[in-house]
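Reminder, nothing fancy here: chain letters follow the sequence lines and each chain counts from 1. The basis for the numbers below is simple: all heavy atoms, side chains too, and nothing from hydrogens, waters or symmetry mates.
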Amino acid sequence: MAATKKKTTTRQKANPKKVGSNRAVKAKAAKKIVVKKKTLPVKRSAARKVVKRPAGAAATKRAAPRAKAARAVSPVVQDAYNPQVIEKSWQARWQEDKLYRSVIDHSRPKHYALTMLPYPSGDLHIGHWFSMIPPDTRARFKRMQGYNVLFPMGFDAFGLNAENAAIKDGIHPMKRTFQNIERMRRQMRSMGTMFDWEREAVSADPEYYKWTQWFFIQLFKYGLAYRKMSAVDWCPKDNTTLAREQVIGENRVCERCGTPVIKKNLEQWFFKTTRYADELLRFDEIDWPERVRTLQTNWIGRSEGASVIFKTEAGDDIEIFTTRPDTLWGATFMVFSPEHLLVDKITTPEQKEAVEAYKLQAARQSDIEREAVDKEKTGVFTGGYAINPVNQARIPIWIADYVLMSYGTGAIMAVPAHDERDFAFAKKYDLPIVEVIRPEGQNEAGELQVAYIGDGVMVNSGPFNGTKVNTEKGRKNPGISKVIDWLAAQGIGKEAVNYRYRDWLISRQRYWGAPIPMVYCEKHGWNPVPDDQLPVLLPEDVEWKPTGESPLKLHPTWKDTICPVCGGPATRETDTMDTFMCSSWYHLRYLSPHDDQAPFDENEYNYWMPVDTYTGGIEHATMHLLYTRFFHKALRDMGITEGNEPMMQLRNQGMVLAEDHSKMSKSRGNVVAPDVLVNRYGADTVRAYIMFFARWEMGGPWDSQGIEGTARWIRRVWTLFTERTRPGAASEQTKKNLRRRVHQTLRRVTRDFETFEFNTIISSLMELLNEMYKAREEGAAGSPEWNEAAEIYLKMLAPVAPHIAEELWTNRLGKPYSIHQQMWSKVDEDAAREDMIEIPVQVNGKVRDRVLVSAEADEDEIRTTALASEIVRKYMEGRQPQKVIVAQRRLVSVVV
RNA sequence: GGGGCGGUGGCGGAAUCGGCAGACGCAGUUGACUUAAAAUCAACCGGUGGAAACACCUUGAGGGUUCAAGUCCCUCUCGCCCCACCA
């Protein structure tokens, strides 16, 4: 009884081909594990015996233990569940066998499952697991359904964090980033995902960013990349732009010298995303969450109206956009944004001092401060006047910070009678208010107390007096429509659509990004770096000085180059690209990450694209998810990609919160470290708990105690499949019930995988396990029904807990390796059908009894049975039923 | 100010087509096993009343539709998220 018995948990590698690599050697070492047997309780000991590997499993065989490995593992009860051993060994085996390699296979339907790639911050946290594991289980499920699945992973490796850290401690961002990536890769491998690492792409790798640069050049050649002036934060003492992070405190001072930061117009590179604004508003081809569609729609912020040209007294055009051209006759003044280009020209000498002071003050405020709703409006008169083109009225021009340079044209016509903001401004500065829309039926208006926004009839509006207008925008409003036609006929305005959406600012005055591959020559202006000179490599010999300047600018020689047109001296662009540029096309790089002839291989594209399922956080709704759609559409128009959308289905996971419902963050010290959990429980348990503890699409607070339940379940799975029980003589009913539960569960689990409802997959599997324990108690073990149940159970478990499922399938049940190459079982609907159903019976809306009827019973039969119930009759108190409703064989409702 | 999501036991959550509310788990209580603990196993576990049978109440609040509402409609309320002087 107490005899020590040795065994290995897995096989020895039969094929020595790959033994040369470090990984293979390490994996082999991990495989040689001896498990000792200790005294066992009498009852169970008889049952425990290792199931021998069938002769047919050629790739594996039992191996003699080695002394070293025997010492490495403390003696444990034989066959106790030991995830640390089986997980490492199966991971090594799968890797050696290239089990998760995805190659084009036209005989199978493809499924491209993509999950947002992480930034290599250092350590994998529980949020990464939450975003990666459920999609991994689903990708595995799809694969078992017969799809050829591509499920790649990579790193969004450029970015500010590594550079800021470098300024602090001098460690080169490249070194830090690639070290972090190596660590995260190791951590990711412990998760047991089916990532195809041969397709890994790292955006900071020159073989990757060569193509990011190439795409920039294509966009430039196609006219979608351009330079323009843009207001950025600027430190006047250090003469440098500052990143948002470098501007600190409410006073907005430079983090280094404490000087107040101002806005300054600088030339920057932009992408013309706005050209696609209308198309980006269409979602009819894609299955994306309503929430994301709404966020994108609001972000793009389309509004219809008119563009009208006012004139300064000196004759300069002032273009404005308005959604209310019907109120043009009520424009009594104009307001410019303080940054408007005409401000200096129109300002009179008497007003110059006040205007300059106001501009300085406005420049120091953040957008957020400037846009605060309840802030009282301020402004300054410029001394200049404009001519209203509809009635030639001479109206004063003010500047005020409530007019934003970044929206519309940076200048508005102010109609105080019909706009709340203009009204407040006019009241404060005693400017005239002229009513031009009057509620219908009202003859004489007194002094307006508030701006009037509703329906009405145009008054004081020259040729349009008496025209009815409502509150509809654009052409849908007949009044506005007429005015627009008239403006166009007069040549002073036209119909116009304006967007909140702005062109994408690409330039970053930073080192750790893909250099913008452009060259400036005095004679020939801006030209792209020729293709054969790509990539424009980041120089490694740079210094980390806390100057706020990009090391690329400070590098003595890097920026010196020759003009691609004339061969004369020229200068490189020293700005790098926004990292969202890198992530706009990473799904394409996965197709052929090492291709040095093209950004992606055409055959791979034709087979795998578009992405079938995209998963990630909703925080990217108006950034990455919009950029990547723009990018795809632009490439489509250039003939590089096909189809209108890159990602057909999108699903967003929620956020994992700390146990006290607060956000997890390093500074709070409440981050859950998955490595510790994996060491303690094994990856399979952590995977299952990740799926179980909250609704995936909602997220929720972490509960460190809750994982015990999932751990218990996994151990019970292990016990059920490793304990040998005498075949019993279960009744036909027991066996039939077992089959029914198995197929009902299979139906449910299949559906839940399809619909991303991962938590109920686990609860269904827990329930079925409980049923199987009961059935075994009743003697079902060893029957064909039992064997079918075991097989289907492990297959359903396989996507969730791939290691234990493989161990039990291959090594314990002796079924053909690998469970991950098995086909998903089909639901036997006949088996899943109930033969007797219990139907609750309500009397006057309250459930009073439950009656048992045959599943084939028709309505009459159910009704008769229900009314025959003693209890039901008692509650009817002798009255005749007014109405008896038999609802879908699910319930009987008696009304008396 | 606008838009969105949500509120179900002590906790996470289930109820997928308007049809038995509280599946599955955590925590808790009791018992078995143990020198003991852990692990495991068995039972209980929304509230009120009751010895019990059982009755009544219960899905943020109020109202409505319906034989029947967590689910549909209206009003309100609380929490979270996004946008926000958008001309």
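Partners of A/Arg293 according to the side-chain hydrogen bond (donor to acceptor under 3.5 Å, both in side chains) rule, which considers only residues two or more places apart in sequence or in another chain, do not exist here. Remark: A/Asp278 pairs with A/Arg302, A/Tyr499 by the side-chain hydrogen bond (donor to acceptor under 3.5 Å, both in side chains) rule, at least two apart or across chains. In this view, A/Arg715 and A/Tyr81, A/Ala711, A/Arg712 satisfy the side-chain contact (heavy atoms from CB on, under 4.5 Å) rule, not counting sequence neighbours. For A/Ile309, the side-chain contact (heavy atoms from CB on, under 4.5 Å) criterion is met by A/Asp317, A/Glu319, not counting sequence neighbours. Applying the side-chain contact (heavy atoms from CB on, under 4.5 Å) test to A/Lys427 and every residue at least two apart in sequence or in another chain returns A/Phe423, A/Ile433, A/Glu447. Taking A/Phe425 as the reference, A/Phe333, A/Trp398, A/Tyr402, A/Tyr429 meet the ring-ring contact (aromatic ring centres under 6.0 Å, His included) condition, with sequence neighbours excluded.
Nearest-nucleotide mapping onto RNA chain B: of A/Glu757 and A/Lys473, the residue sitting toward the 5' end is A/Glu757.
For B/G2, the OP1/OP2 oxygens have no side-chain nitrogen or oxygen of A/Asn298 closer than 4.0 Å. For A/Ser303, a side-chain nitrogen or oxygen approaches OP1 or OP2 of B/A87 to under 4.0 Å. A sub-4.0 Å separation between OP1 or OP2 of B/U40 and a side-chain N or O of A/Tyr81 is absent.
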| Chi angles and distances behind the side-chain contact (heavy atoms from CB on, under 4.5 Å) call for A/Val847, A/Val841 | CA-CA 6 Å; A/Val847 176; A/Val841 184; over 6 Å; no
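In this structure a side-chain-to-backbone donor-acceptor pair under 3.5 Å is missing from A/Asn298 to A/Gly301.
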Polar atom pairs (N or O), protein with nucleotides 4-12 of chain B, under 3.5 Å:
from, atom 1, to, atom 2, distance (Å)
B/G12, O2', A/Phe693, O, 2.2

Give every pair of a protein N or O atom and an N or O atom of nucleotides 67-71 of chain B that lie under 3.5 Å apart, one pair per line with the distance.
from, atom 1, to, atom 2, distance (Å)
B/C67, OP1, A/Lys883, NZ, 3.0
B/C67, O2, A/Ser893, OG, 2.6

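Rounded to a whole Å, the OH atom of A/Tyr501 is 19 Å from the P atom of B/C82. Put simply, CZ on A/Arg500 is 8 Å from C1' on B/A84, counting in whole angstrom units. Distance CH2 (A/Trp696) to C1' (B/G13): 18 Å, rounded to an integer number of Å.
Spacing between B/C67 and B/G13 at atom P, rounded to whole Å, works out to 36 Å. Taking atom C1' on both B/U16 and B/A27, the two are 29 Å apart, rounded to the nearest angstrom. Comparing the P positions of B/U65 and B/C74 gives a spacing of 15 Å, expressed to the nearest Å. B/C86 and B/A68: their C1' atoms are spaced 49 Å apart (whole Å). Using atom P as the reference point in both B/C82 and B/G70, the two lie 33 Å apart (nearest Å). Spacing between B/G1 and B/U58 at atom P, rounded to whole Å, works out to 35 Å. Spacing of C1' atoms, B/G63 relative to B/U77, comes out at 14 Å, to the nearest Å. Comparing the P positions of B/C85 and B/U75 gives an interatomic distance of 28 Å, to the nearest angstrom.
With pairs defined as Watson-Crick or G-U wobble and both atom distances under 3.5 Å, the stems of at least three pairs that touch RNA chain B come out as B:1-7 with B:77-83, B:10-12 with B:24-26, B:28-32 with B:40-44, B:46-49 with B:54-57, B:60-64 with B:72-76.
Around atom NZ of A/Lys428, more than 12 heavy atoms belonging to other residues, nucleotides or ligands sit under 6.0 Å away. Other residues, nucleotides and ligands contribute only 12 or fewer heavy atoms inside 6.0 Å of the CD atom of A/Glu420.
Under a cutoff of 6.0 Å and an axis angle of 45°, A/Arg500 and A/Tyr407 do not form a cation-pi pair. A cation-pi contact, defined as under 6.0 Å to the ring centre and within 45° of the axis, is absent between A/Arg651 and A/Trp288.
By the rule that a glycosidic angle within 90° of 0 means syn, B/C81 does not qualify and counts as anti.
Salt bridge annotation for A/Glu829-A/Arg747: present, with a cationic side-chain nitrogen under 4.0 angstrom from a carboxylate oxygen. A salt bridge does not link A/Lys473 to A/Glu495: none of the charged nitrogens lies less than 4.0 Å from a carboxylate oxygen.
Counting any heavy atom pair closer than 4.0 Å across all strands shown, A/Phe753 reaches no nucleic acid atom. Here A/Arg712 lies in heavy-atom contact (under 4.0 Å) with sugar-phosphate atoms only. Among the heavy atoms of the strands lying under 4.0 Å from A/Asn770 are primed sugar atoms or P, OP1, OP2 only; no base atom is included.
Legend: side-chain hydrogen bond (donor to acceptor under 3.5 Å, both in side chains) pairs involving residues 754-767 of chain A, not counting sequence neighbours, sorted by first then second residue: A/Lys142-A/Glu754, A/Gln145-A/Glu754, A/Arg748-A/Ser764, A/Asp752-A/Thr760, A/Thr755-A/Glu757.
For A/Thr323, the listed nucleotide lying nearest its side chain is B/A87; candidates were B/A39, B/A15, B/A87. The side chain of A/Gln705 lies closest to B/C26, out of B/C86, B/C26, B/C17. Side-chain proximity of A/Met766 to B/A15, B/C85, B/G25: nearest is B/G25. Side-chain proximity of A/Arg751 to the nucleotides B/U16, B/A23, B/A87 is greatest for B/U16. Side-chain atoms of A/Glu767 lie closest to B/C24 of the nucleotides B/C83, B/C24, B/A14. Side-chain proximity of A/Arg748 to B/U16, B/A87, B/C56: nearest is B/U16.
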List the atom pairs, donor and acceptor, that lie under 3.5 Å between side-chain atoms in residues 692-703 of chain A and the rest of the protein, sequence neighbours left out.
from, atom 1, to, atom 2, distance (Å)
A/Trp696, NE1, A/Phe130, O, 2.9
A/Asp703, OD1, A/Gln705, N, 3.0
A/Asp703, OD1, A/Gly706, N, 3.4

| Taking protein heavy atoms under 4.0 Å as touching, what does nucleotides 42-48 of chain B look like 5' to 3' if B marks base contact, S marks sugar-phosphate-only contact and - marks none? | -------
